[in-house]
Structures are given as C-alpha cells and as structure tokens.
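Read through the structure below, which is laid out as structure tokens, and then see the notes.
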Amino acid sequence: GCGICVKKCPYEAISIVNLPDKLSGEIIHRYKINGFELFGLPILKQGYIIGILGKNGTGKSTILRILSGELIPNFGDPNAKLSYDDVLNKFKGKEIYDYFYKLYNKNLKVVHKIQYIEYAGRMLKGNVNELLNKIDERGKIDEVRELLSMQNMWNKSVQTLSGGELQKFLVAAALLREADVYVFDEPSSYLDVRERLNMAKGIRELTKDKYVAVVDHDLIVLDYLTDLVSIIYGESSVYGRVSKLYSARTGINNFLNGYLPAENVKFRQDEIKFMLKELTDLDFSKNVKIRIKWSEIKKNLSDFSLDIEEGDAREGEVIGIVGPNGIGKTTFMRILVNEITPDYGYVMPEGLRMSYKPQKLIPEYDGTVQQYLENVSKDILSTSSWFFEEVIRKLNLHRILESEVKDLSGGELQKLYVAGALAKEADIYVLDEPSSYLDVEERYIVAKAIKRITRERKAVTFLVDHDLAIHDYISDRIMVFTGIPGREGHGKSPTSLRKGMNEFLKEMQITFRRDADTGRPRVNKLGSYLDRLQKERNEYYSLE
Ligand code: ADP
Ligand code: ADP
Ligand code: MG
Ligand code: MG
C-alpha cells in the first residue's frame, strides 16, 4: 500500500481520484532518508483559529513543531542544516512566506501545548496555584481558573494531578503566557465533555487576534473551537499531505465524506455517515428480549459513594454512558463485570459471558500482538473474515503483528485491546473510553464494529466515552451520570438517546443542532438565535 493507487488500494487505506503529485509536490520535511515525508503546511492567519484534522502518523505534530519554530524544515534532505534565510528563500513568493518571515525575523513569541503531556507532568515541581501565578504574564489567572473550572485542583501538587487535571493545567499555562502564536496539540485528551467545551471556550476567549492552530480528534470540539480547518491525509508513517483551508463546517464535512472538492482528491473509500435512520434500525418496541438487568445498586469506596438506578438492556443494544470524570462510570463498569461487589443490589442473570476493555491500558501481556490476538480467538487472523477486513486491517493492526505488546504506543495498545475485546464471543461487552488515543477515522472504525457485533451477536454493549459524536453515531440509549465528582455519583436508568442527551446537555446548558448536509451534531454558539430558541423549547439535542 503505497497510498497512491488509482484503484482500490490493497490496504484500503486510500484511493485517489486525481493523482496528487506526490513526487512533484513540495516536500516540506523528511526526518530520515526513506522515512516519513510531509507535503505542505497550513497557512496560519492572524485572528483565526486554524484546526488541523487527520489520522495519526500523518504529520500533524510535525506541522505544529515547524509552525512554532522548534523544527526547521529541511525540504526533503535530512542532512541539510538550513538557516532561517534558506527556509525563507524556499518560501519566497508563497502565501506562507509572511508568517515565517515574522516568525524568524520579528521574533514572534510562540507557546506550544504539546501532545504527550505525561512527560511534562513528571518534570514539574510545585502546586498548581504557585506555578500558574509565576507564569501569568497577562494578569488573567482568575479568568483562566474560572474558564477551565480549576477550583478543585488549585492547591494540588502538579505531580499528583490526574490526566484531565494535568491537561487543564497545561492549557491554562499556555493561555497565561503573552504570546503572538498559540498552538495546541490534542487539548481534549483526558477531558470530559464539559471540560472539553470549557477548554474550547477558554482558547477562544484568550487568543483573540493571535495566530492559533489546534490539532484535535473530537469533531464536536474542533467544530466549536476553530474558524478554518485544514485536513491532513496520506498514509500513516509514510506521508502526509496538507489540504487547502476550508471553513470549519465545510472542512469537517469534507473530512467525513473522504473527499476534498477544491483539490479533487478522494482520500478514503467510505464516507462516515451520521444517518438518523440508523438510530432506529432496530425496533426495540417489538419482541426484543432483555439480555441483562440490574436492581438499584449502591457502593461506597472510601470518600466516594455511588448509587445506580435499576435498569435493563435488550439484545443488540448499545448503551452509551456519559458523565464527568470522577463520577463513578468506571466503578459501575467494574460492578457489571464482577470486579467489584456492590454493597447493595445485584446484576442478573448470573453467568453472562463478559468481555471488558478497561479504561486504564496496561501493557502487561508478555508476547507479540499476533500471540495476543490468537489467544483471544483462534481464527481472528484468518484473512477471509469480515472482522479481519473491517477491524484488524482498517486499524492497521496487521502491520504490527510482530511487535511486542509491551512496546506499543497508547494508540496501538488501545486498538489492540478494543479489537481483542470485540473478537471475544460474549453476551456483554463493556468498553471503558475506547476512543482515547484514537484518531477520528479509528474512532469510527471501532464504533461501526461495536454496533455490528452487538447487533449480530444479540449482545449488549456498555460504552463509556467522552466523544459525544460517537454516542450520537451508535448509542441506542444513554445512561446519564450526575453528582459531585470524587464525592457522590448517581447513574440514571437507560433512556432514549434523545432524552438522555437532552438531559445531559441541559445540565451543561449547551444546545446541539444538526448539520444540514451530513446530519452530524454541532454545538450552537452560546446566546445565538438557535441556542435561545432551542432552550425555550427544551430541545437541547435537536434531531432536525
Ligand atoms: P501525527 O501527529 O499526525 O500523529 P507526527 O507528526 O507525530 O504525526 O509523525 C508523523 C511521522 O513522522 C510518524 O511516522 C513518526 O513516526 C515520524 N516522526 C515523528 N517525529 C520524528 C522524529 N523526531 N524522528 C523521526 N521520525 C519522526
Ligand atoms: P469515572 O470513571 O466516572 O471517572 P471512577 O468510577 O473511576 O469515575 O471513580 C469515581 C470516584 O471513586 C473517584 O473519586 C475515584 O477516585 C474513586 N475511586 C475509584 N475506585 C476507588 C477505590 N478502589 N477506592 C477508593 N476510591 C475509589
Ligand atoms: Mg501528533
Ligand atoms: Mg472512568
């Protein structure tokens, strides 16, 4: 799969209607000989937030490093040591020249929130409040604390922060710096829905009139946050090409369609469709059998108490679970799979076959990817099955069969564990945050497989996730978790997607409308005409 086949690629990775000039196009960067190649750069525009959308391994972080001046592009020669003037000469006469001229000669000040925040967390010493006070060059510390709801973590030591808290800390630190250019690499990772939208609001409010670029995989966040979007397409670890800038709405729609009209390039075989009729493809009002049910459940864990309403789920049903971090979603999953015994209540019938993908990904398996998969299911790797075609191949797991599980990256481990969990024959699938570390394409590949397997095996899937577009795409009913994070959680009974989402969005005072062309959900701008109208009608989650 070189990625530039005219017909269907053997890896189904990509197909191009109009051959892009891979060879003649301008190479911006190549790390090593015969290694990954980046073609093109998105143009930053002052006063606009530029979104960068594309699959993993196609150069998004590389682009941010070049735009922030950390990496000097080599235009394809890994041994070239180019000066700023060399680079400017290369860009002369192009739209991008202006930006680099300012970056290199006028010393634009840049802040860069990096993708892999775990490392940053380990290097920092001190508590949140002290460190942010030291950084605050703009006198906006109170505003940032409010915007990102950081009250509960204000006096914690940075070393002890959870993933979500660390992400908020680093976004806050970036926003408190006085800079000309702000770049954010995957800021929604680890954040719950409310935190994602707060983060988006914070970046919007505090980067007016600046140069801003954001890479993210949450389409709802990207849509809400950015003005213009550039799509990066290509083949993971082989090459990435940068599209023209589109308005955020059109760019995201083009991305879903897998087709870029301005450049006449089809970069994906299938469209990603938000088809509302799919939501009702199983008529649960008719003869559908209850597969699992539970009584009211209570559980105390030191300072935290959880209370779940009684409920049930029917054969073939995907139950989406939404709620903030620290509210007991994982605890409920662990009760379902019998890892935690409740203080009160039960799940029935007994003896259901469970397949569980925990939230925490621990690479504790001793062996290769192939051994891991074959251990789960003997014929998982037989190339004739749809599972191999639609899951293993599309997630590119077939290319890392020889790798040791302990050496995998977060994204690879997630794909392996999700594929493993789905390959297992079970009555109940329990998937805790399967979309973290995955790019948008992978999220939809996984979501489609979840739905198909749940339906075909007449199983039930419990799906905890913070990506609301994914719930919109496959969840049949929704359980809403509310309460006080870290103190008490209340899990409601499953209710229809419409009612559940409505309730969840209402609590956050956010309204969703539908995109007219693709049917995908979009966040209304606060106080806009539709936002006010929908709130008046109590229609926070519109199906039209
Ligand atoms: P993305 O952010 O879209 O996932 P990256 O920009 O991180 O992609 O990486 C694109 C490709 O470049 C990957 O194949 C990666 O392995 C390679 N790459 C990234 N950084 C380096 C580096 N410092 N040296 C060599 N290869 C690298
Ligand atoms: P969520 O998945 O919604 O983020 P969790 O179920 O993981 O929430 O956790 C809910 C709360 O319970 C958190 O405050 C967490 O620290 C606490 N908690 C989870 N497991 C334990 C445990 N074994 N002992 C004590 N507290 C726990
Ligand atoms: Mg990246
Ligand atoms: Mg959890």
Side-chain angles (χ1 to χ4, degrees), residues 145-156 160-168 188 190-199 201 293-313 319-337 339-347 358-360 430-433 435-436 462-468 470-471 475 477-512 538 540-541:
R145 188 184 54 212
E146 288 304 311
L147 276 168
L148 301 178
S149 322
M150 298 176 74
Q151 296 81 353
N152 292 335
M153 54 180 274
W154 205 239
N155 294 314
K156 286 192 191 174
T160 65
L161 298 182
S162 70
E165 289 169 336
L166 184 59
Q167 186 73 272
K168 290 200 280 188
S188 73
Y190 303 106
L191 299 184
D192 66 37
V193 176
R194 184 201 303 264
E195 292 169 329
R196 286 177 189 202
L197 293 165
N198 285 341
M199 172 274 291
K201 216 188 283 172
K293 61 193 223 178
W294 58 93
S295 66
E296 184 185 4
I297 289 173
K298 290 178 192 287
K299 180 73 190 178
N300 284 314
L301 289 165
S302 51
D303 293 341
F304 180 75
S305 71
L306 178 65
D307 176 5
I308 306 284
E309 287 177 11
E310 69 173 327
D312 60 38
I319 304 287
I321 293 167
V322 293
N325 284 329
I327 208 78
K329 303 181 300 296
T330 295
T331 304
F332 178 51
M333 297 302 101
R334 296 181 67 201
I335 290 172
L336 285 173
V337 300
E339 267 190 23
I340 294 182
T341 313
D343 301 332
Y344 174 88
Y346 57 85
V347 176
Q359 177 178 355
K360 274 221 175 81
V430 174
L431 306 175
D432 202 347
E433 304 203 14
S435 78
S436 35
F462 291 90
L463 172 65
V464 176
D465 213 278
H466 295 303
D467 187 329
L468 288 185
I470 294 294
H471 285 300
S475 293
R477 287 193 296 163
I478 292 281
M479 284 179 81
V480 180
F481 277 61
T482 59
I484 306 164
R487 301 289 293 282
E488 51 176 85
H490 308 283
K492 308 249 173 82
S493 299
T495 182
S496 70
L497 182 71
R498 177 175 210 160
K499 271 174 75 180
M501 288 285 236
N502 206 58
E503 197 179 315
F504 183 56
L505 295 177
K506 183 170 185 174
E507 211 197 287
M508 295 186 290
Q509 282 296 299
I510 291 165
T511 57
F512 275 21
N538 194 28
Y540 287 76
Y541 176 71

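- Remark: the backbone N or O of Thr341 is paired with a side-chain donor or acceptor of Lys299 at under 3.5 angstrom.
- In this pair, Phe462 and Phe332 present their aromatic rings perpendicular. The plane angle is above 60°, beyond the 30 to 60° band.
- Distance check: Thr160 OG1 to Glu165 CD gives 7.0 Å after rounding to the nearest 0.5 Å.
- Checked against side chain to side chain donor-acceptor pair (under 3.5 Å), Ser496 has no partners two or more places apart in sequence or in another chain.
- For CD of Glu309, the number of neighbouring non-hydrogen atoms (other residues, nucleotides, ligands) closer than 6.0 Å is greater than 12.
- Note that OG1 of Thr495 is 8.0 Å distant from CZ of Arg477, once rounded to the nearest 0.5 Å.
- Within 6.0 Å of atom CG in Asn152, 12 or fewer heavy atoms from other residues, nucleotides or ligands are found, so the atom counts as exposed in its surroundings.
- No hydrogens or angles considered: nothing links the side chains of Asp467 and Ser435 as a donor-acceptor pair under 3.5 Å.
- Separating the CZ atom in Phe304 from the OG1 atom in Thr331 is a distance of 5.5 Å, to the nearest 0.5 Å.
- The minimum heavy-atom distance linking Ile327 with Thr482 is given by the pair CG1-O, 3.5 Å.
- Expressed to the nearest 0.5 Å, how far CG of Asp192 lies from CG of Asp465 amounts to 12.0 Å.
- A heavy-atom distance below 4.5 Å is not found between the side chains of Ile478 and Phe504.
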Inset, instruction - Decide side-chain contact (heavy atoms from CB on, under 4.5 Å) for Val193 and Ile510; before the verdict, give the C-alpha distance in whole Å, the side-chain angles of both, and the deciding distance to 0.1 Å. - result: CA-CA 11 Å; Val193 176; Ile510 291 165; 5.7 Å; no
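- Judged by distance alone, with hydrogens and angles left aside, the side-chain atoms of Asn198 form no donor-acceptor pair with the main-chain N or O of Leu148 at under 3.5 Å.
- Within the 4.5 Å cutoff, the side chain of Ile308 has no heavy atoms near those of the Ile335 side chain.
- Contact record, Glu310 with Glu296: CB-N, 3.6 Å, taken as the closest heavy-atom pair.
- No donor-acceptor distance shorter than 3.5 angstrom exists from the side chain of Asn300 to the backbone of Asp343, with no hydrogens or angles considered.
- Taking NZ of Lys329 as the reference point, atom CG of Leu463 lies at 12.0 Å (rounded to 0.5 Å).
- Phe481 CZ to Lys492 NZ: the interatomic distance, rounded to the nearest 0.5 Å, is 10.5 Å.
- When the options Arg334, Met333, Glu339 are evaluated for a side-chain contact (heavy atoms from CB on, under 4.5 Å) with Val430, the one that passes is Met333.
- With Tyr540 as reference, Gln509 is the one residue of Gln509, Met501, Met508, Glu503 to meet the side-chain contact (heavy atoms from CB on, under 4.5 Å) rule.
- Lys168 places a side-chain N or O within 3.5 Å of a backbone atom of Ser149 that can act as its donor or acceptor partner.
- With sequence neighbours excluded, no residue forms a ring pair (Phe, Tyr, Trp, His ring centres under 6.0 Å) with Phe512.
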Inset, instruction - Apply side-chain contact (heavy atoms from CB on, under 4.5 Å) to the pair Thr330 and Val464, showing each step before the final yes or no. - result: CA-CA 8 Å; Thr330 295; Val464 176; 5.8 Å; no
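- Between Asp432 and Pro358, the closest side-chain pair of non-hydrogen atoms is not below 4.5 Å.
- The shortest heavy-atom contact between Gly483 and Pro485 is O-CD, 3.8 Å.
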Side-chain donor-acceptor distances from residues 319-326 under 3.5 Å, at least two apart:
residue: Asn325; atom: OD1; partner: His466; partner atom: NE2; Å: 3.2
residue: Asn325; atom: ND2; partner: Tyr190; partner atom: O; Å: 3.2
residue: Asn325; atom: ND2; partner: Glu195; partner atom: OE1; Å: 3.3

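- Contact between Pro494 and Gly311 at its shortest, heavy atoms only, is CD-CA, 4.2 Å.
- In terms of modelled atom types and a separation under 3.5 Å, the side chain of Arg196 and the main chain of Leu191 share a donor-acceptor contact.
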